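What follows is a short report on a single structure.
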Amino acid sequence: MSDLYNPQLDTFLRVADAGSFSKAAEEMYITPTAVIKQINLLEGNLGVMLFIRTHRGLHLTEAGKAFYQEAQYIVEYIKGTVPMIYNEICLRQMKFILDERNTFGMKFACRRMGDRDG
């Protein structure tokens, strides 16, 4: 995965999906404290509360619900765009003419190079 976006977006999405800092931390193999710090930083940077914190768990605020949709879009966009860019660069750098039998192989090789970040 590329670092072209704030990794706190992944943390936010995981917390929202899990409904708990602890469950999200478990999935991410980090401490709940680290997850809480990331969410607090994200909320501070945005200037809004994304979660309602209660003794029964976490719930998204209205701002959190809106941000969830945008964060999902950003993460999916980056996941799709970065490999596409690697593929385009790879194909443009090829300086020789390929016949139809070799085209698939070269495109496959470029895709694999683009997958190196996840």
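Model, not experiment: these values are computed from the prediction. Computation of the quantities below employed the complete heavy-atom set of this structure, encompassing side-chain atoms and omitting hydrogens, waters and symmetry-equivalent molecules.
- Taking a cutoff of 4.0 Å between a charged side-chain nitrogen and a carboxylate oxygen, Lys65 and Glu62 qualify as a salt bridge.
- Looking only at side-chain heavy atoms (C-beta outward), Asp10 and Val75 come within less than 4.5 Å of each other.
- Closest approach of Ile52 to Leu60, counting heavy atoms only: CD1-O, 4.4 Å.
- The OG1 atom of Thr61 sits 5.5 Å away from atom CG of Leu50, with the distance rounded to the nearest 0.5 Å.
- When all heavy atoms are compared, the tightest approach of Gln38 to Pro7 is OE1-O, 4.3 Å.
- Residue-environment remark: CD (Gln72) exceeds the threshold of 12 foreign heavy atoms within 6.0 Å.
- Nearest heavy-atom pair across Thr11 and Met28 is OG1-CE, 3.2 Å.
- Rounding to the nearest 0.5 Å places CG of Leu9 at 13.0 Å from CZ of Arg14.
- Linking Ile, Leu, Val, Met, Phe, Trp and Tyr residues whenever their side-chain heavy atoms come within less than 4.5 Å places Leu42 and Val48 in a single cluster.
- The two residues Phe21 and Ile39 have their closest heavy-atom pair at CE2-CG1, 3.9 Å.
- The cluster map of Ile, Leu, Val, Met, Phe, Trp and Tyr, joined by side-chain heavy atoms under 4.5 Å apart, puts Met49 and Tyr68 in different clusters.
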Could you go through Val15 and Lys23, starting from their C-alpha distance and side-chain angles, then the distance that decides it, and tell me whether this counts as side-chain contact (heavy atoms from CB on, under 4.5 Å)?
CA-CA 8 Å; Val15 171; Lys23 288 178 186 173; over 6 Å; no
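- Between Ser22 and Ser20, the closest heavy-atom pair is N-OG, 3.1 Å.
- Of all the heavy atoms in Phe12 and Gly64, the pair that sits closest is CZ-O, 3.5 Å.
- Side-chain contact between Leu13 and Phe67: absent, with no pair of heavy atoms (C-beta onward) separated by less than 4.5 Å.
- With respect to Lys37 and Glu43, no salt bridge is recorded, no charged nitrogen being found less than 4.0 Å from a carboxylate O.
- Atom CD1 of Ile36 is separated from atom CG of Leu41 by 12.0 Å, given to the nearest 0.5 angstrom.
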Please determine whether side-chain contact (heavy atoms from CB on, under 4.5 Å) holds for the pair Gln8 and Asn45, giving the CA-CA distance in whole Å, both sets of side-chain angles, and the decisive distance to 0.1 Å.
CA-CA 11 Å; Gln8 292 167 350; Asn45 288 336; 4.2 Å; yes
